[in-house]
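To start, the structure itself, in structure tokens.
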Amino acid sequence: MPQHAAPSADTIRAKVTAHPTWRHPIDVGAGVVTPGGEDVNTELALMALPAHLDGQRVLDVGCSDGFYSFTAEDRGASEVIGIDDLSSLMVAGSNGFAIAKELRGSAAQFRDRSIYDLDPDVDGMFDSVWFLNVLYHLEHPMLGFRNLAKVIRPGGLLVLKTYVHQDVRVWLPGTLSRRLKRDAVGFDLGHRPRLWFYPHSELAGDPTNWVGPNVACVDAMLDAAGFDVIRNLGVHGDRYYLHAVRRAD
């Protein structure tokens, strides 16, 4: 089979630059990293994704440009599928997944699908699912959780990160913020599950933000959908991080 020269840094950079918007900084070879603004190294530490995923099928829900999909592949996953709804205002018709996949020589797959479309007969069952910064974009959050439960095998891992509504948030002064590595701390006045609904752009001026659960509500929805929280990774700013497993039916 003929050998083909690896693309030059200039060729890679041109392909990256041709895509108008990147969310994730992704190493695509020859020293080129896509210009995404998300601090993925900090996020990886907070999410505590498994270091070894050998032989696992992994689903990345709301995958965007695919950083976490490619991370799963780098950590040994045998098959990785990233889904995102390209009709969503948030995605606006395209992402950089295909470009990054080509440049990295990745086998990860992208599917233009909503969480509401997940079907075990079509998608199969997954060992691990990343559900990152998606929950609060769902008009029907319980339906989203129930659909995830359909495609995660019993004992399978769900890694979740979501915005949570807190009754009280305290912004820390600079020195304390740096020491605690966070800008704000928050807490709920009670422990009842509650969900705030934003019919327009009340949350952060973003019309794709629909709901704001408190921590108790996230845990309760997971329980109702058939998951057990096994690792509470804490609330950092206004984001809640956790690991849960799918209970046996």
Side-chain angles (χ1 to χ4, degrees), residues 12-13 15-29 31-51 53 58-75 77 80-86 88-104 106 108-112 115 128-138 144 158-164 169 177-178 180-184 186 201 203-212 218 233-243:
I12 293 173
R13 196 173 292 111
K15 290 189 175 184
V16 169
T17 303
H19 186 67
T21 305
W22 290 89
R23 177 183 173 190
H24 295 152
I26 301 169
D27 184 347
V28 290
V32 179
V33 177
T34 60
E38 184 171 313
D39 185 354
V40 292
N41 291 324
T42 296
E43 288 301 299
L44 282 176
L46 291 173
M47 289 186 287
L49 296 181
L53 294 161
V58 176
L59 175 66
D60 183 7
V61 180
C63 61
S64 188
D65 302 320
F67 174 83
Y68 300 103
S69 298
F70 303 132
T71 296
E73 188 176 49
D74 290 344
R75 296 186 181 192
V80 180
I81 296 173
I83 67 169
D84 221 329
D85 183 356
L86 296 184
S88 164
L89 289 174
M90 184 181 179
V91 182
S94 69
N95 59 30
F97 195 107
I99 298 169
K101 169 186 169 75
E102 175 194 352
L103 294 174
R104 289 174 58 90
S106 168
Q109 303 172 50
F110 173 77
R111 296 179 183 175
D112 178 9
I115 190 173
S128 295
V129 173
W130 314 152
F131 189 43
L132 313 175
N133 287 327
V134 175
L135 178 63
Y136 54 97
H137 292 294
L138 300 182
L158 175 69
V159 178
L160 183 147
K161 172 194 174 188
T162 185
Y163 166 82
V164 284
R169 291 190 70 203
S177 175
R178 286 191 296 272
L180 296 178
K181 297 182 180 180
R182 63 181 68 177
D183 295 323
S201 57
L203 178 59
D206 186 344
T208 73
N209 292 334
W210 286 100
V211 296
V218 174
L233 298 167
V235 176
H236 299 270
D238 58 9
R239 306 291 157 142
Y240 181 31
Y241 300 75
L242 64 84
H243 291 183

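The first residue in the sequence is number 1, and the count goes up from there. Not measured: the values here are computed from a predicted model.
From His24, atom NE2 reaches atom OG of Ser69 across 8.5 Å, with rounding to the nearest 0.5 Å. The CD1 atom of Ile12 sits 11.5 Å away from atom OG1 of Thr17, with the distance rounded to the nearest 0.5 Å. Taken to the nearest 0.5 Å, the CG atom of Asp85 stands 6.0 Å off from the CG atom of Asp112. In this structure, CG in Leu158 is found 7.0 Å from CG in Leu242, a value given to the nearest 0.5 Å. Atoms OG1 and CG, on Thr162 and Asp238 in that order, are 9.5 Å from each other to the nearest 0.5 Å. Rounded to the nearest 0.5 angstrom, Leu46 CG and Lys161 NZ are separated by 7.5 Å.
Nearest heavy atom pair, residue Leu132 against residue Leu160, reads CD2-C, 4.4 Å. Counting all heavy atoms, side chain and backbone alike, Val134 lies closest to Val61 at CG2-O, 3.5 Å. For the residue pair Trp22 and Pro35, the shortest heavy atom distance occurs at CD1-CD, 3.5 Å. Here the shortest heavy-atom pairing between Ile26 and Ala100 reads CD1-CB, 4.1 Å. Minimum heavy-atom separation, Val58 to Ala72: CG1-CB, 3.9 Å. The minimum heavy-atom distance between Cys63 and Asp60, with the atom names listed, is CB-OD2, 3.3 Å.
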Evaluate side-chain contact (heavy atoms from CB on, under 4.5 Å) for Met47 paired with Tyr68, printing each intermediate quantity in order. CA-CA 11 Å; Met47 289 186 287; Tyr68 300 103; 3.2 Å; yes
side-chain contact (heavy atoms from CB on, under 4.5 Å) between Leu44 and Leu49: does it pass, once the steps are laid out? CA-CA 7 Å; Leu44 282 176; Leu49 296 181; 3.7 Å; yes
Leu59 and Phe131: CA distance, side-chain angles, deciding distance, side-chain contact (heavy atoms from CB on, under 4.5 Å) verdict: CA-CA 9 Å; Leu59 175 66; Phe131 189 43; over 6 Å; no
Checking Thr34 against Leu103 for the side-chain contact (heavy atoms from CB on, under 4.5 Å) test, could you report, in this order, the C-alpha distance in whole Å, the side-chain angles of both residues, the deciding distance, and whether it holds? CA-CA 11 Å; Thr34 60; Leu103 294 174; over 6 Å; no
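Two residues are said to be in side-chain contact when any heavy atoms from C-beta on lie closer than 4.5 Å; Trp130 and Val80 fail this criterion. Side-chain contact between Tyr136 and Val164 is absent, with no heavy atoms from C-beta onward closer than 4.5 Å.
In this structure, Lys101 has no salt bridge (Lys or Arg N to Asp or Glu O under 4.0 Å) partners at least two apart in sequence or on a different chain. Every side chain to side chain contact (heavy atoms under 4.5 Å, CB included) that Leu203 has, sequence neighbours left out, goes to Tyr163, Tyr198, Asn209. Applying the side chain to side chain contact (heavy atoms under 4.5 Å, CB included) rule to Asp74 yields the partners Arg104; only residues at least two apart in sequence or on another chain are considered.
For the residue pair Arg23 and Asn95, no side-chain donor N or O sits within less than 3.5 Å of a side-chain acceptor on the partner.
Under the 3.5 Å distance criterion, the side-chain polar atoms of Asp84 are left unmatched by any main-chain donor or acceptor of Leu86. For the pair Arg75 (side chain) and Pro50 (backbone), a donor-acceptor distance under 3.5 Å is present.
Between Phe70 and Phe97, the ring-plane angle classifies as tilted under the 30° and 60° cut-offs.
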